[in-house]
Amino acid sequence: MARLRWERWVREHGWVVSGTYVLLAMLLAIVLSRVDRSHPIESVAVIENSAAEQLLGAIAAGMIAFTGIVFSISLVVSQFWNTAYSFRLTQWLRQTPLTAHAFGVFSATFVYALAALFVLGRHSNARLVLTELASIGLLLASVFFFLLLLYGTLRQMNLSYVLVLVGTRGRAVIDDLYGMPGEAGTEDPGMELEAATESGRIVYRGAPKVVCAVDFRALVELATAAEARIDVAVGVGDTLPDGAVIAGIFGGQVDETRVRRAFMLGDERTMEQDPKFALRLLVDVAIKALSPAINDPTTAVQALDQIEDLLRRMGQRTLDLGRLVGVRGYTRVTYPAPTWNDLLALGTDEIRMYGSDSLQVVRRLRLLLENLAETVTPERRPAVLDRLERLDAGIEAGIGAPDQADARMTDPQGLGLTRAREEPA
């Protein structure tokens, strides 16, 4: 939990990273100039001080203009992301640490060049070999980070790369939260505390915040130590308005301050404990592509490729039961947890509704649902079959009679690789 808090703080305060680079650059200039003066390197041929002044001045002036250009490019790319993907996905993509480090190196190069110019002006007769070489090194580092930033930005303008990026992060979260397929979950409901009455209530006060993560281990330890049960009223990804109940405490007295600290709140959703957010981002891309203003069903089909993989993985795993049992066998924490029906609805319902008149979308969505019906655990199959029936109803309402037979085909590409529909036995 401490790591998650630190990573979120760094993401929300990217200027601290850049500011650290600036401070290190000033410190480096001071240290190297003193080393040059106290231990001059006579064996290395360097440029004249007048030429060094011109070089440092050119680096300082050029880095300001260069940083401004890179910043302008970043704004244009962000606008492209908002138009092509979705605002939530743009926020998620902007959280990459490379941007903060790149602007930090650019700023450090500028500040170092100014500091070196100041030292060179005060000690015009000194041979500042290390100081001058370090300025060239920082300039080369700036070029390197610019190439990395440019390459990363161009990749993030590629739809396939972005969808795979979201899918990869979602798969990592699923593996972390739900384990691997075949791993048995804890189905012991735990014993209930006898005559447990509400002894406290945690209420949120302040501007709206999003529940980014919850330290469930800390809550279990608190409840076990106090012989209590903590009923969490909010789920990861929920937005808390002022006055919202975060949790209720039943049984013994629990330190409310420590309970509050177990909830990591932020301004936007994150994916650390929320695989639903990966589905949400992918669905956003798909339904935006299906809007009449864009009308790009192929993008929706590409998003369905990643959605199917995430749903397959969750459909084969033991999902959260929404309760945690302490060491003495009593239920210590309960919390809202998504069911299979919740995840299936999130991943398919909106795409089915907005794409019910698109041959590509309904054919690819049918293949997704039929594949899920074959791969998920038996108790989850009825929910999938129910979605297939709803898809058929949407086809009858949204697609003309001559094309309905084609719409009931399955196709991994939407259109182009038809597979005959197999009637269930």
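Residues take their numbers from the sequence shown, with the count starting at 1. In this text the structure is predicted, and so the values were computed from the model without any measurement. No hydrogens, no waters, no symmetry mates; every other heavy atom, side chains included, goes into these values.
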Assess whether a salt bridge exists between R317 and D175, defined as any Lys/Arg side-chain N lying under 4.0 Å from an Asp/Glu carboxylate O.
yes
Where is the tightest heavy-atom contact between L290 and P297, given as atom of each residue plus distance?
CD2-CA, 3.9 Å
Would you give the length of the straight line joining atom CZ of R171 to atom CE of M314, rounded to the nearest 0.5 angstrom?
11.0 Å
Intermediate values then yes/no, side chain to side chain contact (heavy atoms under 4.5 Å, CB included), V384 and W340:
CA-CA 10 Å; V384 179; W340 168 245; 4.0 Å; yes
D342 side chain to T339 backbone, donor-acceptor under 3.5 Å
yes
Apply side chain to side chain donor-acceptor pair (under 3.5 Å) to T109 and S142, showing your working.
CA-CA 7 Å; T109 304; S142 297; 2.7 Å; yes
Which salt bridge (Lys or Arg N to Asp or Glu O under 4.0 Å) pairs, counting each pair once, include a residue from residues 274-292, with sequence neighbours left out?
R88-D284, R269-D274, D274-K276, R280-D284, R280-E350
Above 12 or not: heavy atoms from other molecules or residues under 6.0 Å from CZ of F118?
no
Determine, step by step, whether F106 and V70 satisfy the side chain to side chain contact (heavy atoms under 4.5 Å, CB included) criterion, reporting the C-alpha distance in whole Å, the side-chain angles of both residues, the deciding distance to 0.1 Å, and the verdict.
CA-CA 10 Å; F106 300 159; V70 174; 4.0 Å; yes
Mark yes or no for whether S18, through its side chain, and A100, through its backbone, hold a donor-acceptor pair below 3.5 Å.
yes
If only atom types and distance count, is the side chain of S135 paired as donor or acceptor with the main-chain N or O of E132 below 3.5 Å?
yes
What are the two closest heavy atoms between G251 and A228, and how far apart are they?
C-CB, 4.3 Å
Under the salt bridge (charged side-chain N to carboxylate O under 4.0 Å, His left out) test against K209, which residue among D238, D242, D267 passes?
D267
When you measure from the side chain of R169 to the backbone of L165, do you find a donor-acceptor pair of N or O atoms at a distance under 3.5 Å?
no
Counting only N and O atoms by type, is there a donor-acceptor contact under 3.5 Å from the side chain of R390 to the main-chain atoms of D349?
no
To the nearest 0.5 Å, tell me how far I69 CD1 sits from S74 OG.
12.0 Å
Residue pair T334 / T331: nearest heavy atoms and the distance that separates them:
CG2-CG2, 3.8 Å
Enter the distance from T197:OG1 to I249:CD1 here, rounded to the nearest 0.5 Å.
12.0 Å
Taking all non-hydrogen atoms of both residues, which atom of L177 and which atom of Q273 are closest, and how far apart?
CD1-O, 3.6 Å
Here the pair of heavy atoms bringing G355 nearest to V362 is O-CG1, 3.5 Å
Do the ring centers of F66 and F146 come within less than 6.0 Å of each other?
yes
Give, for atom CD1 of I59 and atom CD1 of I136, the distance between the pair rounded to the nearest 0.5 Å.
6.5 Å
Tell me if a side-chain donor or acceptor on Y354 pairs with a main-chain N or O of D357 at a distance below 3.5 Å.
no
Whether the side chain of R229 engages the backbone of V333 through a donor-acceptor N/O pair (distance < 3.5 Å, no angle test) should be reported.
no
Least distance between heavy atoms, Y112 atom then T131 atom
OH-O, 2.8 Å
Taking D215 first and then R217, would you say they form a salt bridge - that is, a charged N and a carboxylate O separated by under 4.0 Å?
no
Checking the side chain of S199 only, and the main-chain atoms of G252 only, is there a donor and an acceptor separated by less than 3.5 Å?
yes
Side chain to side chain donor-acceptor pair (under 3.5 Å) for S160 and Q302? Distances and angles first, verdict last.
CA-CA 8 Å; S160 298; Q302 289 181 270; 3.1 Å; yes
Under the side chain to side chain donor-acceptor pair (under 3.5 Å) rule, what do Q360 and S358 come out as? Steps first, then yes or no, please.
CA-CA 5 Å; Q360 281 197 67; S358 169; 5.6 Å; no
Can a salt bridge be assigned to the pair R364 and E308 using a cut-off of 4.0 Å between side-chain N and carboxylate O?
yes
Exactly one of R387, R408, R352 clears salt bridge (charged side-chain N to carboxylate O under 4.0 Å, His left out) with D392, and that residue is R408
Calculate, to the nearest 0.5 Å, the distance between atoms OG1 and CG belonging to T99 and L148 respectively.
11.0 Å
Check the pair R312 / L372 against side chain to side chain contact (heavy atoms under 4.5 Å, CB included), numbers first and verdict last.
CA-CA 6 Å; R312 275 187 180 223; L372 286 179; 3.8 Å; yes
Taken to the nearest 0.5 Å, the spacing of L98 CG from Y151 OH works out to 12.0 Å
Any sub-3.5 Å donor-acceptor pair from N371's side-chain atoms to L367's backbone N or O?
yes
